Each structure stands twice: as C-alpha cells, then as structure tokens.
Asks: 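Quick one: this structure, given as structure tokens, is what I'll be asking you about.
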Amino acid sequence: VKAKWPDIQKQIKDIKAKRQEIREMMGRPDYKRADAEKVMAGIRTDVTQLQEEGQTMALDIADAITPQERMELIKKVDLKP
C-alpha cells in the first residue's frame, strides 16, 4: 500500500486539476459543452480506476492479516455500502 501511495496522490491531484479545468471552461465566453464532456469523461475514467485500485488494495490487505485484525480494521474504518 505504501508503495502505491505516490501514484494514488498523483491520480487524485490529476482529478482535481481536471475539475478545475471544467470550472475554468464554464467561465469562458467560448465555452463548448463537447469540450467539457470530454474532460468529464476523463474524470469518470480516472475515478473508476482509482476506486478499483482502492478496492483491490483493501482485499490485498484483508488477505495479509488475520481474521481478528480484519475485524479490528472494520471497526476503525467506516465501511458503508
């Protein structure tokens, strides 16, 4: 997990930058919906990838710890469906 953290931080930073790009686009006189839709599609792809990576990491962690440790982790982490 620690090894992947820099990549996760970069992905989050990229998503925030794309969101800012959309804000800026919408404020321009030459705003084009199609351009914003392309950026939004990229955000959806990035968020989906980040979620999938997070879910895989959670399962990897669960595989590496004992059942008791898993229960303690679940209590500490607010896991809502």
Side-chain angles (χ1 to χ4, degrees):
V1 174
K2 286 182 181 180
K4 293 181 181 182
W5 187 244
D7 291 335
I8 292 169
Q9 288 179 311
K10 182 184 180 315
Q11 288 173 311
I12 292 170
K13 184 178 177 181
D14 291 346
I15 290 168
K16 288 179 180 181
K18 287 178 184 176
R19 287 180 176 158
Q20 181 60 35
E21 183 180 352
I22 289 174
R23 285 187 204 95
E24 292 170 5
M25 282 179 165
M26 290 183 172
R28 292 185 200 134
D30 63 342
Y31 162 77
K32 292 186 176 105
R33 180 184 178 117
D35 293 339
E37 286 175 340
K38 287 178 189 175
V39 176
M40 286 181 176
I43 291 171
R44 281 191 297 276
T45 299
D46 293 346
V47 168
T48 298
Q49 179 182 355
L50 194 57
Q51 286 176 319
E52 289 172 355
E53 289 175 13
Q55 292 165 355
T56 298
M57 283 192 311
L59 295 175
D60 290 345
I61 291 168
D63 287 345
I65 60 179
T66 67
Q68 183 178 352
E69 290 170 324
R70 285 194 295 271
M71 293 308 297
E72 290 173 17
L73 180 62
I74 289 170
K75 289 177 187 175
K76 291 178 183 177
V77 179
D78 188 18
L79 297 176
K80 294 181 183 176

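Fair warning: this is a prediction, and the values are worked out from it, not measured in the lab.
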Asks: If you round to the nearest 0.5 Å, how far is CG of D35 from CG of D30?
Replies: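 Answer for the CG-CG pair, D30 versus D35, is 8.5 Å.
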Asks: Could you walk me through whether E72 and K76 pass the salt bridge (Lys or Arg N to Asp or Glu O under 4.0 Å) test, one step at a time?
Replies: CA-CA 6 Å; E72 290 173 17; K76 291 178 183 177; 5.2 Å; no
Asks: Is there a path of hydrophobic side-chain contacts, each under 4.5 Å between heavy atoms of I/L/V/M/F/W/Y residues, joining L59 to I74?
Replies: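 They do not share one cluster, since no chain of ILVMFWY contacts under 4.5 Å joins I74 to L59.
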Asks: Heavy atoms only: give me the nearest I65-R70 pair and the separation to one decimal.
Replies: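 Smallest interatomic distance, heavy atoms only, reads O-NH1, 2.9 Å.
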Asks: In this structure, are over 12 heavy atoms from other groups packed under 6.0 Å from E24 atom CD?
Replies: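 Count over threshold, so yes.
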Asks: Should we say atom CE of M57 is surrounded by more than 12 heavy atoms from elsewhere, each under 6.0 Å from it?
Replies: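 Yes, CE of M57 has more than 12 neighbouring heavy atoms, counting only those of other groups under 6.0 Å.
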Asks: State, with a plain yes or no, whether a side-chain heavy atom of D46 is found less than 4.5 Å away from one of Q11.
Replies: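 No, too far: nothing below the 4.5 Å cut-off.
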Asks: Atom CD of E53 and atom CG of D60: how far apart are they, to the nearest 0.5 Å?
Replies: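 Answer for the CD-CG pair, E53 versus D60, is 11.5 Å.
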Asks: May I ask you to check whether over 12 heavy atoms, not counting those of R23, lie within 6.0 Å of atom CZ?
Replies: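 Enclosed: over 12 neighbouring heavy atoms sit under 6.0 Å from CZ of R23.
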Asks: Should K10 and D14 count as an ion pair when the cut-off is N to O under 4.0 Å?
Replies: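 Yes, K10 and D14 are salt-bridged.
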Asks: Do E69 and T66 get their side chains close enough for a donor-acceptor pair, meaning under 3.5 Å?
Replies: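 Side chains of E69 and T66: pair found under 3.5 Å.
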Asks: Rounded to the nearest 0.5 Å, how far apart are CD1 of I15 and OG1 of T45?
Replies: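 It is 10.0 Å, given to the nearest 0.5 Å.
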Asks: So, taking the atom named CE in M26 and the one named NZ in K32, what distance separates them when rounded to the nearest 0.5 Å?
Replies: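 Between atom CE of M26 and atom NZ of K32 there are 15.0 Å.
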Asks: Using a distance-only test with no angle check, is there a side-chain donor-acceptor pair under 3.5 angstrom linking Q55 and Q51?
Replies: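 Distance-only check fails for Q55 and Q51.
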